[in-house]
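Remember, it's 1-based here, ligands and their atoms both numbered in the order they're listed.
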Amino acid sequence: MAQVITITSGKGGTGKTTTAINLGVALRALGEEVMVVDANLTTPNIGLHLGAPIVPISLNHILLGKAPLEEAIYEHESGTKIMPSSLSVRELDRVRFSKLQEVTKKLRKEKGYIILDSSAGLGEEAVAALVACDDVIVVTNPEMPSVTDALKTIKVAEGLGKNVKGIILTRYTGEKSEMPLSHIKDLLEKPILGIVPEDKRVREALALKNALVYTHPRSKAARAYKKIAAKISGRRVKEDAWYLRVMTGLGWT
Ligand code: ADP
Ligand code: MG
């Protein structure tokens with residue numbers, strides 16, 4: 001049975017879509033079956049990030065019962081499967097977010113990983129992505145508003161009976177103005193699955209409309225995502241010197 005993981009955050013723009021796509025492609029590179037679903041129906045980004053902005057059949061059609069599930073599944077060149085949402089506002093009409101759990105119930109019959117890219121916050125759409133999953137990963141940046149909002153998301157996810165696997169800290173620069181890692185760990189009381197540094201290659205990959213781990217596999221951020229993917233799939237991971245320095249509070253090298 002596939003494991004359904006929702007990538008979410010309290011605050012917007014923390015790096016959820018970047019994380020969902022790159023974890024997906026990194027898990028696929030490890031030989032896993034993966035599907036990334038754009039559960040951010042109101043402001044969908046997966047198709048844009050991967051150069052397929054307009055598709056004939058999307059998750060919207062599935063939620064409206066207008067097409068069979070298989071018709072909304074596309075394949076990235078890495079072999080990662082993608083289920084985009086529609087960019088058209090018209091196709092959002094009458095979509096019920098709560099139907100997402102019926103979609104994941106069917107997708108769970110496959111093997112591997114189903115990764116849901118959620119909207120931010122705790123509105124109806126974001127809650128539907130929590131309800132529809134088994135496990136939750138919360139993406140936060142190292143700053144107070146992002147971390148306090150992440151805490152709320154963790155509480156709501158747990159209230160729904162979901163397993164919060166941990167936190168991914170993204171856009172880490174190591175600057176003194178950032179919230180210290182020890183404070184983040186104390187406040188959130190969840191394992192930190194990985195730290196993804198601020199990396200201009202992320203934007204370069206976006207300009208190429210492709211996944212960073214595919215276009216810039218040796219970049220710092222891609223290496224971080226590959227390590228997180230290895231951890232998620234239960235592989236043993238050898239941490240590099242940079243990660244160990246950050247985790248032990250010695251900071252950026
Ligand atoms: P969300 O899905 O949470 O709204 P995105 O993944 O779309 O967030 O990322 C928001 C912005 O931050 C994008 O412009 C993206 O390119 C940028 N970004 C995300 N992660 C990084 C990173 N590690 N380094 C630099 N820029 C990043
Ligand atoms: Mg997004």
With side-chain hydrogen bond (donor to acceptor under 3.5 Å, both in side chains) as the criterion, how do T17 and D117 come out once you've worked through the C-alpha distance, each side chain's angles and the decisive distance to 0.1 Å? CA-CA 6 Å; T17 303; D117 179 28; 2.7 Å; yes
Taking the Mg ion (ligand 2) as the centre, how many protein N/O/S atoms fall inside a distance shorter than 2.8 Å? 1
Only one of T170, T173, T14 passes side-chain hydrogen bond (donor to acceptor under 3.5 Å, both in side chains) with N141, and that residue is T170
Polar atom proximity, T17 to ligand 1 (N or O, under 3.5 Å): yes
Test side-chain hydrogen bond (donor to acceptor under 3.5 Å, both in side chains), reference D134, set Q3, R108, K162, output is R108
Would you say T14 has any N or O atom under 3.5 Å from an N or O of ligand 1, going by distance alone? yes
Using a strict 4.0 Å threshold on nitrogen-to-oxygen distance, state whether R201 and E204 make a salt bridge. yes
Atom 8 (O) of ligand 1 has as its nearest protein heavy atom G15 N, 3.0 Å
So, is Y225 polar-close to ligand 1, with some N/O to N/O distance under 3.5 Å? no
So, for M179 and I184, which heavy atoms are closest and what is the spacing to 0.1 Å? O-CD1, 3.6 Å
Go through the steps to decide whether T18 and L212 satisfy the test side-chain contact (heavy atoms from CB on, under 4.5 Å), and finish with yes or no. CA-CA 8 Å; T18 305; L212 173 84; 5.8 Å; no
Taking distance alone, with N or O pairs closer than 3.5 Å, would you say G13 contacts ligand 1? yes
Could you say whether the N/O atoms of S9 and ligand 1 ever approach to under 3.5 Å? no
Quick test of your reading of the model: are K190 and E158 salt-bridged, counting only N-O distances below 4.0 Å? yes
Below 4.0 Å, non-hydrogen atoms only: which portion of T18 touches ligand 1? Side chain, backbone, both or neither. both
Carboxylate-amine/guanidinium proximity below 4.0 Å for R171 and E198: yes
When distances are taken from atom 16 (O) of ligand 1, the protein heavy atom at minimum range is V202 CG1, 3.6 Å
Min N/O separation P197 to ligand 1 under 3.5 Å: yes
Intermediate values then yes/no, side-chain hydrogen bond (donor to acceptor under 3.5 Å, both in side chains), T140 and S146: CA-CA 6 Å; T140 182; S146 182; 2.8 Å; yes
Can an N or O of T19 be found at a distance shorter than 3.5 Å from an N or O of ligand 1? no
Is the backbone of P217 close enough, under 3.5 Å, to the side chain of K226 for a donor and an acceptor to pair up by distance? yes
Report yes or no: does D199 have a heavy atom closer than 4.0 Å to ligand 1? yes
Within 4.0 Å of atom 13 (C) of ligand 1 (strictly less), any protein heavy atom? no
Which residue supplies the protein heavy atom nearest to atom 1 (P) of ligand 1, what is that atom called, and how far is it? K16 N, 3.5 Å
One pair to check against side-chain contact (heavy atoms from CB on, under 4.5 Å): L116 and S118. What are the steps and the verdict? CA-CA 6 Å; L116 303 187; S118 174; 5.8 Å; no
Heavy-atom nearest pair, I82 first then P84, reads O-CD, 3.7 Å
Option whose closest heavy atom lies nearest to atom 17 (C) of ligand 1, chosen from K220, K200, R171, E198: R171
Would you check whether V196 has a nitrogen or oxygen atom less than 3.5 angstrom from a nitrogen or oxygen atom of ligand 1? no
Could you tell me whether E32 and R235 have a side-chain N and a carboxylate O separated by less than 4.0 Å? yes
Residue from I154, I137, V147 passing side chain to side chain contact (heavy atoms under 4.5 Å, CB included) with I167: I154
Shortest protein contact, atom 7 (O) of ligand 1 (heavy atom only): H49 NE2, 3.9 Å
